[in-house]
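Okay, structure first, notes after.
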2 protein chains.
Amino acid sequence: MNENKGRYSKQRETIYQILCDNMTHPTVDEIYMKARQIIPDISLGTVYRNLNVLVEQGRIRRVDIGDKAHYDAKITKHYHFVCKDCGDISDMYIDDEMLKDFISNVEEKTGNKLESVDIIFNGVCSHCHKE
Amino acid sequence: MNENKGRYSKQRETIYQILCDNMTHPTVDEIYMKARQIIPDISLGTVYRNLNVLVEQGRIRRVDIGDKAHYDAKITKHYHFVCKDCGDISDMYIDDEMLKDFISNVEEKTGNKLESVDIIFNGVCSHCHKE
DNA sequence: GTAACTGCAAATCCTTTGCTATGGA
DNA sequence: TCCATAGCAAAGGATTTGCAGTTAC
């Protein structure tokens, strides 16, 4: 990770702050809309460029859900739940120990060296489920 | 699933056969190239349309890896391993019992109703690992 | 001063869609 | 015959890139 690379720019820090202030996992367009409320003439290209830079720097994380890219400023290890009714994406924290067995079992069986695991849980969230 | 919907078409069955004959998880382009070796004037639009139909019919499965769609004729429950060196995608079968605890634990904690889980293991495959 | 960054617009994918013709039942 | 499907080409949407001007350091 290159946390120290790159100059300061108002655009980049604004985008980063938008992600930090949001519990949702916004798409590029959603980030662009919010950014324009703060910097009205920011361009979509700049948003794309900065999201890529922030990912490279390890300051944010890209989460691919279906065919859409979402961005997340929470870079600690966690997984995601996607509600098929409302589309909301929420974070899932899972006891690491539960996954450990799992992973060593898989490594043993396949000979592959595992580095990370992405998990997406699909279903209906507690809120939508009530109706 | 609508296994019985749709007429026969040489194009659709060719695409389906390509997926059945391949252990890889080809992208649309890869499927298109192979299909053209069999039906030289098949169009890319037809490949897209038929992949969508086959998914709707439940005969194949779409697997989103990163920002790319891959297609898979193995519709039994399984997960995927992606080698970050060679890019190959291989199947991972996991004991259902291992996941059960996991899922009921997550449902209890969150109140969300889980319907399916997608897991992508990232790492280096046994083949690339040797070098 | 200079290299990184910006906005803008054009270029590049990837995928869907509208149209007319064809072919399976 | 009739309607699903085909090919083709254009449209649409997402993302990247080239360029000239601007800004951080």
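Reminder, nothing fancy here: chain letters follow the sequence lines and each chain counts from 1.
Applying the 4.0 Å criterion to OP1 and OP2 of D:dT23, one finds that A:Ser9 has every side-chain N and O outside that range. The side chain of A:Asn50 contributes an N or O atom lying less than 4.0 Å from OP1 or OP2 of C:dT6.
Whole-Å rounding puts the B:Asp64 CG to C:dC14 P distance at 15 Å. Going from atom CG of A:Leu54 over to atom P of C:dC5 covers 11 Å, rounded to whole Å. Distance, A:His70 NE2 to D:dA14 C1': 13 Å, rounded to whole Å. Atom C1' of nucleotide C:dT17 and atom CG of B:Leu44 are separated by 13 Å, given to the nearest angstrom. Remark: P of D:dG13 and NZ of A:Lys68 are 12 Å apart, rounded to the nearest angstrom. D:dT23 atom P lies 11 Å from atom CG of A:Asp41, rounded to whole Å. Taking atom OH on A:Tyr32 and atom C1' on C:dC8, their separation rounds to 11 Å, with Å as the unit. Rounding to whole angstrom units, CD of residue B:Glu13 and C1' of D:dA6 are separated by 15 Å.
Heavy atoms of A:Tyr8 sit under 4.0 angstrom from primed sugar atoms or phosphate atoms, though from no base atom. Among the protein residues, A:Asp67 comes within range of no part of the nucleic acid, since none of its heavy atoms lies under 4.0 Å from any strand.
For the residue pair B:Asp91/B:His25, the side-chain donor-acceptor check at 3.5 Å is satisfied. Side-chain atoms of B:His80 and B:Asp72 include a donor-acceptor pair closer than 3.5 Å.
For A:Arg49, whose side chain is taken as the heavy atoms from C-beta onward, the closest listed nucleotide among D:dT16, C:dC19, C:dT6 is C:dT6. Listed nucleotides: D:dG7, D:dA14, C:dC14. Nearest to the side chain of B:Tyr48: C:dC14.
Taking the nucleotide of DNA chain D with the nearest heavy atom to each of A:Arg62 and B:Gln11, the more 5' of the two is matched to B:Gln11. Place A:Asp29 and B:Thr46 on DNA chain D by their nearest nucleotides, and B:Thr46 ends up nearer the 5' end.
Minimum interatomic distance between A:Lys109 and B:Tyr93 (heavy atoms only, all atoms of both residues): NZ-O, 3.5 Å.
Atom CD1 in A:Ile15 sits 11.5 Å away from atom NZ in A:Lys10 (nearest 0.5 Å).
For C:dA3, its base sits under 3.5 Å from the side chain of A:Arg7 at one donor and acceptor pair at least. For C:dG24, the base has no donor-acceptor partner in the side chain of B:Arg12 [N/O atoms by modelled type, under 3.5 angstrom]. The base of C:dG7 does not come close enough to the side chain of A:Arg36 for any donor and acceptor atom to sit less than 3.5 Å apart.
Note that B:Arg36 lies in the cation-pi zone of B:Tyr32, set by a 6.0 Å cut-off to the ring centre and a 45° limit from the axis.
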